[in-house]
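We use all heavy atoms of the structure for the numbers below, so side chains are in, but hydrogens, waters and symmetry mates are not.
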Amino acid sequence: MNDDARTNIGTPSPATTSSEERELREQVARTREELGQTVEALASKTDVKAQAKEKAAAVKEQAADKAAEVADKAAQVADEAALVSDEAALVSDKAALVSGQIREKAGRAAQLLKDKTPDPVREKTARAAVQVRQSAAKAGQYAADKTPDLLLEKAGQAATAARANRTPLIVLGTALSVFLLVRRGRGRRR
């Protein structure tokens, strides 16, 4: 290489045309851009402190996103639990209302049955109940005399249960007696 060639490096020769010149300038610009990016990438790889800060920021952002996601999910679950609790309270209130209505209707039906039952029928029912009690007492005494002790113990438990539920048994017996008397009375009319 001669001295002229060294001093003219980077200056276009007079023989090049403008399109070649433009191409060369574009190529030089691209090369400079690529070189700048490469230098920047190398510099960022050697900056450990900046990398640590970037990593910490990324982890912090992920943690914040995850915390927000968990908080949203917790709020959603709390809302669903509140809805379930409200529904349970409504069902409980409705059940109490229906139970009260049933008790009221059963009381009215029992009173209506008592009011509609003629006095002779009630008297016959009372007499029949006395006879049943007496017969039951006799049968119970006879059975007690003839029954083994183990069986007596079981019967005693059943009798205790019947005494505890005396009112339903009396109502059932009265209703059965009324039914039988009405049925018998209709049978005679035919």
Side-chain angles (χ1 to χ4, degrees), residues 1-116 150 153-154 157-176 179:
M1 253 194 191
N2 60 20
D3 285 335
D4 263 350
R6 282 190 194 163
T7 58
N8 291 330
I9 295 177
T11 57
S13 65
T16 58
T17 63
S18 67
S19 68
E20 289 176 356
E21 211 176 280
R22 211 176 325 125
E23 254 182 65
L24 285 174
R25 286 178 195 238
E26 288 175 5
Q27 187 178 10
V28 167
R30 280 194 303 268
T31 304
R32 282 182 183 161
E33 180 69 29
E34 290 173 3
L35 183 61
Q37 290 175 353
T38 304
V39 168
E40 202 175 289
L42 287 173
S44 68
K45 284 186 178 181
T46 58
D47 190 3
V48 175
K49 188 175 181 182
Q51 286 179 354
K53 283 183 179 179
E54 286 177 13
K55 186 69 173 174
V59 168
K60 186 177 179 181
E61 186 178 335
Q62 285 178 343
D65 290 346
K66 198 63 162 174
E69 184 181 319
V70 167
D72 289 345
K73 187 68 174 175
Q76 183 181 11
V77 167
D79 290 345
E80 289 175 6
L83 286 175
V84 168
S85 175
D86 291 346
E87 288 176 9
L90 287 174
V91 168
S92 175
D93 292 346
K94 191 172 185 178
L97 179 66
V98 168
S99 176
Q101 289 173 345
I102 289 172
R103 278 193 209 106
E104 184 181 327
K105 286 181 181 182
R108 276 192 257 139
Q111 186 62 40
L112 184 62
L113 181 64
K114 185 177 176 184
D115 293 344
K116 295 275 181 170
L150 181 61
E153 185 178 321
K154 295 291 181 181
Q157 290 172 354
T160 303
R163 281 187 211 107
N165 298 310
R166 185 175 289 169
T167 303
L169 288 175
I170 291 172
V171 170
L172 181 65
T174 304
L176 181 63
F179 172 74

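Using a cutoff of 4.0 Å between basic side-chain nitrogens and carboxylate oxygens, Glu21 and Arg25 are scored as salt-bridged. A salt bridge links Glu104 with Arg108: the distance from a Lys NZ or Arg NE/NH1/NH2 to an Asp or Glu carboxylate oxygen falls below 4.0 Å.
Taking the side chain as every heavy atom from C-beta outward, Glu69 and Lys66 approach each other to under 4.5 Å.
Here the CD1-CG distance, from Ile102 to Leu97, works out to 10.0 Å after rounding to the nearest 0.5 Å. Residue Leu35 holds its CG atom at 8.5 Å from OG1 of Thr31, rounded to the nearest 0.5 Å.
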Stepwise side chain to side chain contact (heavy atoms under 4.5 Å, CB included) test for Gln27 and Leu24: CA-CA 5 Å; Gln27 187 178 10; Leu24 285 174; 4.0 Å; yes
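The environment of Gln101 atom CD is dense: over 12 non-hydrogen atoms of other residues, nucleotides or ligands sit within 6.0 angstrom. No more than 12 heavy atoms of other residues, nucleotides or ligands lie within 6.0 Å of CD in Glu40, so this atom counts as exposed by the packing criterion.
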